[in-house]
Structures are given as C-alpha cells and as structure tokens.
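Notes follow the structure.
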Amino acid sequence: MIEILTPAELGRAKVSGALVADILHTLKGRSAVGTNLLDIDRWAQAMILDAGAESCYVDYAPSFGRGPFGHYICTGVNDAVLHGLPRDYTLADGDLLTLDLAVSKDGVAADAAISFIVGESKPAESVAMIDATERALRAGIAAAGPGARIGDISYAIGSVLTEAGYPVNTEFGGHGIGSTMHQDPHVPNNGRPGRGYKLRPGLLLALEPWVMADTAQLVTDADGWTLRSATGCRTAHSEHTIAITDDGAEILTLPRGN
Ligand code: MF3
Ligand code: CO
C-alpha cells in the first residue's frame, strides 16, 4: 500500500525526521577511536526514549533478518553495509562506519543513514565511495517531485553510482515510509526513467544509495542480520527521508541548525 500523508501527518514527519538527523549527528560526533558499537547502540536507545519516540528496529522481524533485531541502530564497519547488528567491536583509526537509524514519533516514521571515517586517517578510496553515495542521494532527491516517477529517481541514483565506477545491487534500496518504516513503493538504486509509480505531494520516500567497492554481491553474517560485501571490500551508504511537495521534494532528515 502506498500512503499519502495529510498536512498534519507531514508536520509530524518533519519532527521525526529532525529527531533522526539530530541523533545521527550526535552519534557521529561521539564515534571516535576506542568507541564500542554497543555504546553507540545504548546512546541511540537513550536519545530515542528521551525524545518520547519509538525504535522502528528493536522489535522488527522481517523475512531478511533472524528474529527481532533487538537493537536501536544499525552499525556497519568497513565491509558491513546494510542491517549491521551492533556488536562488541571497538572502532579503530580509519574505520568506515555506517549508522542507519529509523524512529517513529507520534505515529510517523523517518529513516536516515550516514557513512563516515573514524579518526585521523582518511583513506582516499573510502572518502570517494562515501562521496559517491552522497552525490547519488542528492541526484535522486533532485529527480523527485510531483509528476516524476520512481524510475526517474532510480535512474538518477544509479547513473551517479555507475559513473563513479561502482557495481549497483538492486536487491535492497529505498522505500516508501509513513505510519511504518518499510512501505511501497520500492525505490531500486538503478532503473529506467519514465517508469514506475508517479509521485504525488504527501508521499514520503526514504532514498538510500549504497555501494560496495568492487562487487554487487552480499553475504549474510553469522549474526543473521548484517549484510557484508562478498569480497570483504569496503562499503558506504547514505540515506534521507524526503517528502514530495507541491513543487519538488523536501529533505526531512537534516540536522537542526545545519
Ligand atoms: N533503516 C534500514 C533501511 O534503511 C532498515 C534497517 S532494518 C533493521 O531501510 F532491522 F535492520 F534494522
Ligand atoms: Co531505509
């Protein structure tokens, strides 16, 4: 089912979006050499509950994971790209960390992800890969608006990723979002322009380009959740929740004050 939000629901979506963005921004600032992924999960839990919001993850038990997720944020290091189950791991200098967070407040969900390098060393290939997912996300957002189609977004995202030299996996991609985190329509990270569902004001989409440096193949970790690159190469992921407006698209998951 595809949900179209009322203006009142859209107002709540903005609150949820800002909360997700603020939590991610705070957690990025705290993710240093020596930080444990389980600390990040605990900090996320505290901030979600303090804000009177609900985790979209903790009880989530989709077909692509093993049982309820049981944690509050996805943490992926280096080759771990999607659904990273927080584990007892201490961050090292130069690690590429992906944080992916979705919460629901007053009945409306928002979802965002960021990738960044921890510490002082900035491996050039990792920086370029993160940059490609951020540029693809911006291109996808620029292609979104009333009358545009899902395929226009997919094509815009896929073109940036492909031109940057990365293979694109279309098994997991963006999605509709609203009263629940994962809804129709699916937004593949590559596709053909002019195809698919026609966007209309009030639709909320989570767009999420992600890449692996040298493969399109994923493997599932023994934890039953974490998806890693099949070759062990590094990975990156950038996600925003956007609202289709009367004249374009508005990003809901920007940190306040930025
Ligand atoms: N937020 C993720 C997405 O971008 C989904 C995470 S599902 C979880 O769609 F169960 F792993 F948390
Ligand atoms: Co998402």
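We count ligands from 1, going down the list as the structure has it; atoms in each ligand are counted the same way.
With 2.8 Å as the limit, Glu239 counts as an N, O or S neighbour of the Co ion (ligand 2). Not a single N, O or S atom of His182, from either the backbone or the side chain, sits less than 2.8 Å from the Co ion (ligand 2).
A donor-acceptor contact closer than 3.5 angstrom links the side chains of Asp93 and Ser121. If you check the side chains of Asp88 and Asn36, you find a donor sitting under 3.5 Å from an acceptor. His237 and Ser115 share no side-chain donor-acceptor pair at under 3.5 Å.
The pair Asp152-Arg149 does not count as a salt bridge, with every side-chain nitrogen at least 4.0 angstrom from each carboxylate oxygen.
With a heavy-atom cut-off of 4.0 Å, Cys74 touches ligand 1 through its side chain alone. Of all the heavy atoms of Phe172, none lies under 4.0 Å from any atom of ligand 1, so neither backbone nor side chain is involved.
Leu204 places a side-chain heavy atom less than 4.5 Å from the side chain of Leu10.
When the options Trp210, Phe69, Phe172, Tyr57 are evaluated for a ring-ring contact (aromatic ring centres under 6.0 Å, His included) with His83, the one that passes is Phe172.
By the 3.5 Å distance cut-off applied to N or O atoms, Tyr60 is not counted among the residues near ligand 1. For a threshold of 3.5 Å applied to N or O pairs, the pair formed by His175 and ligand 1 contains at least one separation below that value. Here's the thing with His237: none of its N/O atoms is less than 3.5 angstrom from an N/O atom of ligand 1.
For Glu134, the CD atom counts as densely surrounded, since its 6.0 Å shell holds more than 12 non-hydrogen atoms of other residues, nucleotides or ligands.
Set against the non-hydrogen atoms of Tyr57, the atoms of ligand 1 under 4.0 Å away are 1 (N), 2 (C), 6 (C), 12 (F). Under a 4.0 Å criterion applied to the non-hydrogen atoms of Asp100, ligand 1 contributes the atoms 1 (N), 2 (C), 3 (C), 4 (O). Listed by atom number, the atoms of ligand 1 under 4.0 Å from His83 heavy atoms are 6 (C), 11 (F).
Panel note: side chain Lys122, backbone Ile117; a donor-acceptor pair is recorded below 3.5 Å. Side-chain atoms of Asn189 come within 3.5 Å of backbone atoms of Glu208 as a donor-acceptor pair (strictly under, hydrogens ignored).
Checked against the Co ion (ligand 2), the N, O or S atom of Asp111 at the shortest distance is OD2.
The OE2 atom of Glu208 and the NE2 atom of His175 meet at the Co ion (ligand 2) at an angle of about 90°, given to 10°.
In terms of protein heavy atoms, atom 4 (O) of ligand 1 is closest to Glu208 OE1, 2.7 Å. Scanning all protein heavy atoms for the shortest distance to atom 9 (O) of ligand 1 gives His182 NE2, 2.7 Å.
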